[in-house]
Every structure is written in C-alpha cells, then in structure tokens.
2 protein chains.
Amino acid sequence: MKIGELAKRSGLSAHTLRYYERIGLLPQADRDAAGRRDYDASVLAWIAFLGRLKATGMPIRDRLRYAALREQGAGTEPQRRALLERHRDRVRAQVAEQQACLLVLDTKIGAYAEAEQRMKDNDAQPNPN
Amino acid sequence: MKIGELAKRSGLSAHTLRYYERIGLLPQADRDAAGRRDYDASVLAWIAFLGRLKATGMPIRDRLRYAALREQGAGTEPQRRALLERHRDRVRAQVAEQQACLLVLDTKIGAYAEAEQRMKDNDAQPNPN
DNA sequence: GCTTGACTTGGAGTGCGCTCGAACCCGTAG
DNA sequence: CTACGGGTTCGAGCGCACTCCAAGTCAAGC
C-alpha cells in the first residue's frame with residue numbers, strides 16, 4: 001500500500017503519516033524499488049490505536065515511549081502495560097471530570113432557557129391586568 | 001484582591017491571569033491607586049467556569065466569543081446559550097468516544113496481564129514432564 | 001532611608017501537533 | 001516523448017496555551 005492509499009484508509013494526511021514516521025510514532029516504512037514507502041496493512045491497526053491514545057489525551061512523550069517499546073518488541077510488555085494502566089487511570093478521571101462539567105453545562109443552559117421563557121411570557125402578556 | 005492572591009485561589013499563575021486578560025478571556029481588571037490589578041471575588045466563579053470549558057476541550061475561539069458575549073451583557077443570552085448547547089453536544093460525543101477507548105484499553109491491558117500470567121505459570125513449572 | 005517583595009509592561013521563547021510549500025524524482029498512459 | 005499523478009526530502013510556518021525574562025514602579029516594614 002502506498003502512502004496516498006494509507007492516508008485515505010487511515011484518515012490521516014500523507015504529510016501527517018510522514019511526520020509520524022519522522023518523530024517515531026510509526027515504524028520506518030518499507031520502500032519499493034523506486035524508494036517509495038510501501039505499507040503493510042497491519043499498520044492500520046497501529047494507527048487506529050495511536051488515534052485512541054491521542055483522543056484520550058495521552059501526551060506525545062508517552063505515545064513516543066509506547067511506540068519505542070513496541071518497536072523493541074519482546075520483553076517490553078510489562079512497561080507497555082504499566083504505561084497503559086497509568087493512562088487508563090488518567091482517562092477515567094478525565095471522563096469523570098467531563099461528566100461533572102456536563103452537569104454544570106446543563107444547569108447553565110437550563111438557566112438561560114428559563115430566562116428566555118420568562119421573556120416570552122412577558123411578551124405574551126404586555127398588560128398584566 | 002491582588003493578582004497573587006487570585007493566582008493562589010484560582011490555581012492559575014499570575015502570568016496566566018494577565019495573559020487571559022490580554023487576550024480577552026478575563027475582563028479588564030480594576031486598578032488600585034498604584035495601578036495594580038484589584039480583583040472582585042466574583043471573578044473566581046468566571047475563572048472556574050472557563051476552566052470547565054477548557055477541560056471539556058472548548059476551542060479558544062469559542063471561549064473568547066463566549067467571554068465577549070458575557071462582556072456585552074444583556075441581550076446576548078440566546079447566543080451564549082446556543083454556544084453552550086453546541087459545546088454540550090460535542091462534549092457528550094467526546095465522553096462517549098473516550099468510554100469506547102477505555103474498553104479498548106481494558107482489553108489491551110487484559111491481554112498483557114494474561115501473557116504475563118502465562119509467563120509466571122511457565123516459571124513455576126519449568127519441567128512439565 | 002533602604003530593602004524587600006509584590007506588582008507593572010512588553011516581548012521573546014517553548015512544546016505540541018501538525019500543515020504546507022518548494023523543488024525534485026519516477027512510472028505509466030496516450 | 002511528454003504530460004500527469006503520484007511519490008520524495010527539507011524546512012518553514014502556524015495556532016494554541018502558556019511561560020518566562022528584563023527592566024522598571026511602588027508600598028510597607030525595619
């Protein structure tokens with residue numbers, strides 16, 4: 001698979017894919033005879049997982065560290081697991097925080113809605129008596 | 001309340017508070033005779049709310065817009081409400097996505113844990129006949 | 001009167017995460 | 001043979017959100 005094809009399938013731009021490789025999030029891609037990147041389909045799963053780590057706010061340092069451990073391969077599983085476990089805890093806390101924020105948001109929106117309703121009521125009865 | 005005091009109470013640095021004022025997230029603070037910022041306690045609630053908007057990932061443009069509407073005061077409630085409602089929808093989607101990611105994370109961690117367990121079992125019975 | 005410490009401004013610097021442009025190379029279809 | 005639609009590298013630029021530094025002002029305590 002060429003980089004354009006991978007871009008389409010992964011939802012990232014070719015620029016971003018090269019950038020990810022440069023900084024070490026993606027492994028060095030194999031090249032065809034002409035020196036062009038030629039990807040194995042398996043990289044899609046890795047990109048998707050990276051996307052999840054990013055969507056949950058894992059800082060780039062940790063993503064780089066996880067990617068490096070993955071590159072190293074066998075023997076790094078305990079570190080990878082520890083990394084993911086710490087991240088999971090942070091994500092859980094984050095989700096809880098966001099849910100608390102949602103309540104606040106609901107309250108605020110409710111207050112605006114109420115105020116608006118009162119305005120309408122006033123318009124409906126311009127002369128109360 | 002002086003900026004140092006506000007920094008302590010709000011959890012933001014004095015640098016950040018001045019920065020927020022500069023870009024328009026915080027209203028221009030009143031000044032004392034010597035030209036120093038002298039805050040009203042009410043700004044704490046606003047800072048806390050801004051923090052929630054930020055924690056839920058509202059982009060700075062929208063936070064600036066909301067702050068500007070708030071500055072303008074009366075008459076801008078419908079726009080503020082619309083802004084918050086759009087944001088609430090995005091946050092809900094975000095929370096759902098993060099929860100889905102948590103499941104993936106759990107699965108992955110579980111797989112690492114299992115692999116580790118198998119390793120230990122092997123160590124415990126080095127000669128399984 | 002002098003030191004200390006909190007404040008002031010303006011502007012530079014930082015880290016993240018892309019995003020884009022320039023200039024070039026290469027294989028294939030017409 | 002040439003035009004095109006890919007690909008390549010390198011490096012600059014950008015938007016966010018601070019963060020910090022330098023150089024100065026000012027009020028209060030010793």
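Naming convention: chains lettered A, B, ... in sequence-line order (proteins, then strands); numbering from 1 in each chain. These figures come from a predicted structure and were not determined experimentally.
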Give the minimum heavy-atom separation between [X] and [Y], together with the two atoms involved.
X     : Y     : value
B/A55 : A/Q98 : O-NE2, 3.2 Å
B/W46 : B/L25 : NE1-O, 2.9 Å
B/L83 : B/D62 : CD2-O, 3.7 Å
A/R37 : A/A29 : CG-CB, 3.8 Å
B/S13 : B/A7  : C-CB, 4.1 Å

The criterion is side-chain hydrogen bond (donor to acceptor under 3.5 Å, both in side chains); which residues satisfy it with [X], sequence neighbours excluded?
X     : answer
B/Q79 : none
B/D38 : none
A/E85 : A/R81

Looking at DNA chain D, which of residues 90-101 of chain A put a heavy atom within less than 4.0 Å of it?
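Contacts with DNA chain D under 4.0 Å: none.
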Which residues satisfy the ring pair (Phe, Tyr, Trp, His ring centres under 6.0 Å) test with B/F49, sequence neighbours excluded?
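Here the qualifying residues are B/Y66.
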For [X] and [N], give me the distance from atom [atom1] to atom [atom2], rounded to whole Å.
X     : N      : atom1 : atom2 : result
B/K2  : D/dC26 : NZ    : P     : 14 Å
B/M1  : C/dA6  : CE    : P     : 17 Å
B/Q28 : C/dT9  : CD    : P     : 9 Å
B/I23 : D/dG15 : CD1   : P     : 14 Å
B/D30 : C/dC7  : CG    : C1'   : 16 Å
B/Y19 : D/dC21 : OH    : C1'   : 18 Å
B/L12 : D/dC18 : CG    : P     : 7 Å

Base-pair string, DNA chain D, Watson-Crick plus G-U, cut-off 3.5 Å on both distances, | for inter-strand, is ||||||||||||||||||||||||||||||
Residue pairs passing the salt bridge (charged side-chain N to carboxylate O under 4.0 Å, His left out) test with at least one member in residues 22-31 of chain B, sequence neighbours excluded, are B/E21-B/R31
The contact string for nucleotides 25-30 of chain C, one letter per nucleotide 5' to 3', using protein heavy atoms under 4.0 Å with B, S and - for base, sugar-phosphate only and none, comes out as -BS---
Collect all protein-nucleotide pairs involving nucleotides 9-12 of chain D in which both atoms are nitrogen or oxygen and the distance is under 3.5 Å.
| unit_1 | atom_1 | unit_2 | atom_2 | d |
| --- | --- | --- | --- | --- |
| D/dT9 | OP1 | A/R31 | NH2 | 3.2 |
| D/dT9 | OP2 | A/R37 | NH1 | 3.1 |
| D/dT9 | OP2 | A/R37 | NH2 | 2.9 |

Looking only at atom types and distance, does a side-chain atom of A/E77 sit under 3.5 Å from a main-chain N or O of A/G75, one as donor and one as acceptor?
yes
- Item | Pairs involving residues 48-58 of chain B, ordered by first then second residue, that meet side-chain hydrogen bond (donor to acceptor under 3.5 Å, both in side chains) (sequence neighbours left out) |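 For residues 48-58 of chain B, and leaving out neighbouring residues, the side-chain hydrogen bond (donor to acceptor under 3.5 Å, both in side chains) pairs sorted by first residue read B/T56-B/H87.
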Pairs in or reaching into residues 101-111 of chain A: which pass side-chain hydrogen bond (donor to acceptor under 3.5 Å, both in side chains), with residues at least two apart or in two chains?
->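 For residues 101-111 of chain A, and leaving out neighbouring residues, the side-chain hydrogen bond (donor to acceptor under 3.5 Å, both in side chains) pairs sorted by first residue read A/D106-B/R88.
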Taking atom [atom1] of [X] and atom [atom2] of [Y], what is their separation to the nearest 0.5 Å?
X     : Y     : atom1 : atom2 : answer
B/I47 : B/Y20 : CD1   : OH    : 9.0 Å
B/L50 : B/M58 : CG    : CE    : 9.5 Å
B/L6  : B/L26 : CG    : CG    : 8.0 Å

Quiz item: In residues 38-70 of chain B, what residues come within less than 4.0 Å of DNA chain C, judged by heavy atoms?
Solution: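 Per residue number, the list is empty: none.
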message = Any side-chain N or O of A/Y20 below 4.0 angstrom from OP1/OP2 of C/dC18?
response =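 Looking at the OP1 and OP2 atoms of C/dC18, one of them is under 4.0 Å from a side-chain N or O of A/Y20.
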